[in-house]
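A, B, ... follow the sequence lines: proteins, then strands. Residue 1 opens every chain.
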Amino acid sequence: MGFLWKKHQLRAIENKRNKLKIPVFTGVNMNYNFNEIEKKWQDHWAKNQTFKADNFSDTPKYYVLDMFPYPSGAGLHVGHPLGYIASDIYARYKRHKGFNVLHPQGYDSFGLPAEQYAIQTGQHPAVTTEENIKTYRRQLDQIGFSFDWSREVRTSDPSYYKWTQWIFIQLFESWYCKHADKAFHISELIKVFSEEGNEGVEAICDDNVEIFSSSEWNAFDATKQQEILLKYRMTYLAETEVNWCPALGTVLANDEIVNGVSERGGHTVMRKKMTQWSMRISAYAERLLQGLDQIDWTESLKESQRNWIGKSVGASVTFKVIPNDSSGAVETSHKIDVFTTRPDTIFGVSFMTLAPEHDLVSKITTGEQKPEVEAYIKATSKRSERDRMADVKTITGAFTGAYAEHPFTKEPIPVWIGDYVLAGYGTGAVMSVPCGDQRDYDFAKHFDIPIPNIFEGIDISEEAYGAKENVVIANSDFLNGLPYKEATKKAILELEKLNQGEGKTNYRLRDAVFSRQRYWGEPFPVYYVNGMPQMIDKKHLPIRLPEVEKYLPTETGEPPLGRADVWAWSTESNTVVANENINHTTVFPLELNTMPGWAGSSWYFFRYMDAQNDEVFASEEALNYWESVDLYIGGSEHATGHLLYSRFWVKFLKDRGFVSIEEPFKKLINQGMILGTSALAFKHIVDYDFLIKYLDINGSIISNEPISISEEVLIEQDLINDDGVDGRIETEIMKKVRRKLEDSRPNISFDLKPKLTSFSLAMPFHIDVNIVNSSDELDIRAFKNHPLYQDYNESIFITEETDIYKVSREVEKMSKSKYNVVNPDQIVKDYGADSLRLYEMFLGPLEQAKPWNTAGITGVHSFLKKLWKLYVGENRLNVTTTEPTKDNLKTLHKTIKKVEEDIENFSFNTSVSTFMIAVNELTAQKCTSKAVLEPFLILLSSYAPHITEELWNQLGYNESIATVPFPEFDAKHLVESSKNYPISFNGKMKFTLELPMDMSKDDIEKTVMAHDKTIAQLEGRTPKKIIIVPGKIVNIVG
RNA sequence: GCUCAAGUGGCGGAAUUGGUAGACGCGCUGGAUUCAAAAUCCAGUUCUUCGGAGUGCGGGUUCGAUUCCCGCCUUGAGUACCA
């Protein structure tokens, strides 16, 4: 029962509360009533905008950001808030430390799931997205995050995607100058073209640009000029081979494909040629690589970006194809360009290999070889990408009949095709050096091609020698005797002399396809004149998503926007108008694709700085004040998607002068996944034949009846291989059959003859974790009544103890299909948000994957109850102005030190233990001193904001605890006068000895050696050596 | 295959610069309280043949190693014919 205040006390409190405008709950409960407290303070923070950040402040800024959540229909499970809790603790801590903290939240609300749902149900994705956001918001709110919600953004909101469209236009209007190594406005390129032509332009552009003079440029018509410029723009339209996913009806980026199938849904993906918008991210490959050295990310994350960028330094080499008339081609002189990282091995080339898709293949294949080559190409094109990846062992290929000329020896080299050469990397052709590359080696062995050895003293009879170190080149003319490095240099030099090669750096990073054949994404601000894309002027943005009656592609295979009736651009009214007005003179068709998911998330961190601005994506002042994200927390699944694209856009925006930073995320932490603890039961399927003998009163058989039954027997894992268990199963089945017979034939006795006919292996299946208790005991009755397990209604259980089935546990990913999902709503209801926050942190290191086990939450929950009891006594606040004792201060200050260190190191789990130790100690010390209990609340308030805010308030403060300074650590309280020395013998601690801190080494030795236990331990031996580290340890050797 | 991360009680984990291995919590055992249960409180809880042994395994450096070095094994994540 709750304690009721006396009337006069109540009045006094009420007066005070009215003054402070804090919600009142009458009949203050002296118990820790977390539900009430948490609701009260969440409402208070929201009403008072406690966490609203100011864009202009004299205090230093700190920007803490969580990775943009996609509001899925399933809502949050306990794994999702982990990172949010960590960042919230850090944000709150930084506020205590005097920083002006920006800690915003919003939604990456365009995306596939809402659209898939729309296709199935016909509901507009905007409607379901709105609903999902509401659920998310409710769930986030109840955990007590200190977000500044006044800055909320949603990527699907036109006032937001207006600026995504704007950035797209900037990209379209830009080109990349290699010389200055940055992007510029396209007008500067046009100027150069009209004055000097393009020969001197060093730009990142398509490979197929023709060279033209200024006069030629000026003579081109507008369409031709546009066509050329498109090859230079940072975003461009090109026919590219894309990853087409028929099931999703869209194109996917490389990072959206996992193991050859779509990341979402696991559908097959095939190669298809389509005209698509692409982003020239490859222009930034080197800067994206170099920038990694400037940022504080985990090494593994940087490593995956490095791998994705895939820089390799080598040379391009041109081989001339030896003309051969039998190919029947009109042109007879061809060149094969290859990229190699080992130009030093050029004298080891014994054949060349082209990708089967290579353009030259059809041109150089001789008539004789044509049937074989064509058959091979046909066979390989049938193999899906996935088969090709899975099947690395099988060596296949075909000889084209053509020969290329070695640049130095002028010897003919046979040209092969093989699918181990990828069309998409380098030039799609390789110079094969079997002695130095295992794949070339295997290919040569398989097709009996010679394997010349060009390495001094290295045996290549078994395998290729791929290492670069400790190698000296031989049989290689002018390279003889040179090690790798020098040989490489020399080879490139000689190739340059012949004009048949040069040093070259290659990147694996491809330009990113930016079109999606989807409805629920940003529309492009683009219309088409004579097939050439035109940007809509920035002042007419946003171009809003049109309405469509269905969210599927059209019958003619166009994207869903092809279904919109009002989707044309009038250059007269500068508005979107009905399609019937299209006349290709003033009204033009609009782009039908939409932007990919990463468009909106590549710049959202800037929008939070100035979320409401309608003039610019964020004001210069706001951008300059907040600069970049100081701490970014999120999952590692974004390693090569979002985190690479964001860096790319930021570098671009910097080049164009829109922002002043080069990297968006200074420090990044990947929180580990919270895994589910699945419950597994095991079943046998057991088949029996029974012979039922019906008996009369005398026991004589009246009749025989054979029956067959099949039973699902649930058995505890421990019993599966138990000896007596078969007998138990048979007994139980007999019992069950007997019971049934007795029910149906009550007055007849019978005898049963069982015969086992089959017995399956034990099969595990998932049990809903909600019907299993913390001791792994399945509630059998609940199980039989559970709608999921109706099939087991009458199943037999074989268990150690009656009525209790012990499930087996397995840690796996938390997922609906495994029935191991734990919902935070229930946790908050049962234990409160503060308990949830503490427990999520207490589970283990933030960055590590760890299993969730709800049972353990009672530990942190009873800690909070103990804390409450420490502050709130039987009927009044237990906090007094009593002077703190030495012990009180020692406990407080060691806690301050530890918690501060922990937060700075993102070691949140260890501070939770520290809080527990502190409360245990202060309780044992019967501490009531305000001078200790107040600062302790501040320490804890980042972790458990509600209970601390409540107690802070009860202590009489009217300002939120979130705004008060962090307690100062004072080392003097930790100074000890004595030390409990561990006394070790040969490094093993045997006993401890309390000695004064200021005791000299000699005195320590004398005291220890004279001690009874030392004498007993030594058994008369004389120690060889005595190590004494004052204040640390004594070690006696001998 | 390559890259990265990690292996410590029944479980989650702690030991931050080499110095008392197992903090803190869960679970378990026993006890108190209760008509009973929940809750709460107290005690114990690495293994052990009671000598000791012990941080994945085998070596090494050191007075002393979970921590440093060498070689292996296992698990997880990412990536993959990248020339």
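The A:K979 side chain lies nearest to B:U20 when the options are B:A83, B:U20, B:U79. Considering only the side chain of A:K865, B:U40 comes nearest among B:U40, B:G19, B:G12. Looking at the side chain of A:I917, the nearest of the listed nucleotides B:C24, B:C63, B:C81 is B:C24. Comparing B:C81, B:U79, B:U3 by their closest approach to the side chain of A:Y420 singles out B:C81. Closest contact between the side chain of A:A855 and the listed nucleotides B:G19, B:A21, B:C26 involves B:C26.
Of the P atoms belonging to B:A15 and B:U75, the separation is 27 Å, rounded to the nearest Å. Comparing B:C63 with B:A23, their C1' atoms are spaced 27 Å from each other, to the whole Å. Across B:C81 and B:C11, the matching P atoms stand 40 Å from one another, rounded to whole Å. Between B:C69 and B:U61, the distance separating the two P atoms is 16 Å to the nearest Å. For the C1' atom pair drawn from B:U48 and B:G54, the interatomic distance equals 10 Å after rounding to whole Å.
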| task | For side chain to side chain donor-acceptor pair (under 3.5 Å), just list the numbers for A:T910 and A:S907, CA-CA rounded to whole Å, side-chain angles, deciding distance to a tenth of an Å, and then say yes or no. | result | CA-CA 6 Å; A:T910 47; A:S907 172; 2.6 Å; yes
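Using a 4.0 Å cut-off, no side-chain N or O of A:N853 falls inside it from OP1 or OP2 of B:G27. Residue A:K850 has no polar side-chain atom (N or O) positioned under 4.0 Å from OP1 or OP2 of B:G13. Taking 4.0 angstrom as the limit, A:Q848 places a side-chain polar atom (N or O) nearer than this to OP1 or OP2 of B:G13. Phosphate contact (OP1/OP2 of B:A14, side-chain N/O of A:N909, threshold under 4.0 Å): present. OP1 or OP2 of B:A83 has at least one side-chain nitrogen or oxygen of A:S312 nearer than 4.0 Å. Taking only side-chain nitrogens and oxygens, A:R439 comes nearer than 4.0 Å to OP1 or OP2 of B:C82.
Of all nucleotides present, only B:U29 satisfies the Watson-Crick or G-U wobble test against B:A43, with each distance under 3.5 Å. Pair assignment for B:G64: none, as no Watson-Crick or G-U wobble contacts are both less than 3.5 Å. Base pairing of B:A36 is not made with any nucleotide, judged by Watson-Crick or G-U wobble geometry with both donor-acceptor distances under 3.5 Å. With a cut-off of 3.5 Å on both pairing distances, the Watson-Crick or G-U wobble partner of B:C24 is B:G12. Across every strand in view, B:A5 sits in a pair with B:U75 that passes the Watson-Crick or G-U test at under 3.5 angstrom. Partner assigned to B:C81 is none, using Watson-Crick or G-U wobble distances below 3.5 angstrom.
Backbone-only contact: A:T858 has heavy atoms under 4.0 Å from sugar-phosphate atoms and none from a base. Counting any heavy atom pair closer than 4.0 Å across all strands shown, A:N980 reaches a base atom. Across all strands, A:S913 comes closer than 4.0 Å to base atoms (heavy-atom distances). Residue-level contact check: A:N1035 touches the bases, meaning some heavy atom is under 4.0 Å from a base atom.
Taking the nucleotide of RNA chain B with the nearest heavy atom to each of A:G844 and A:Y839, the more 5' of the two is matched to A:G844. A residue-by-residue look at A:P982 and A:I857 shows that A:P982 has its nearest nucleotide of RNA chain B further toward the 5' end.
Close placement of the A:Y839 and A:W852 rings is indicated, their centers lying within 6.0 Å of each other. Taking the six-membered ring wherever Trp is involved, the centroid distance between the rings of A:F842 and A:F908 does not fall below 6.0 Å. Taking the six-membered ring wherever Trp is involved, the centroid distance between the rings of A:F34 and A:Y831 does not fall below 6.0 Å. Taking the six-membered ring wherever Trp is involved, the centroid distance between the rings of A:H1011 and A:F991 falls below 6.0 Å.
Atom-to-atom distance recorded for A:M841:CE and A:R837:CZ is 8.5 Å, nearest 0.5 angstrom.
Shown here for A:I451 and A:A444, the closest heavy-atom pair between the two residues is CG1-CB, 3.9 Å.
In A:M673, the CE atom is not crowded: 12 or fewer heavy atoms of neighbouring residues, nucleotides or ligands sit closer than 6.0 Å.
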| How would nucleotides 41-58 of chain B be written as a contact map, 5' to 3', with B for base contact, S for sugar-phosphate-only contact and - for no contact, using protein heavy atoms under 4.0 Å? | S------------B----
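Side-chain contact between A:V430 and A:T340 is absent, with no heavy atoms from C-beta onward closer than 4.5 Å.
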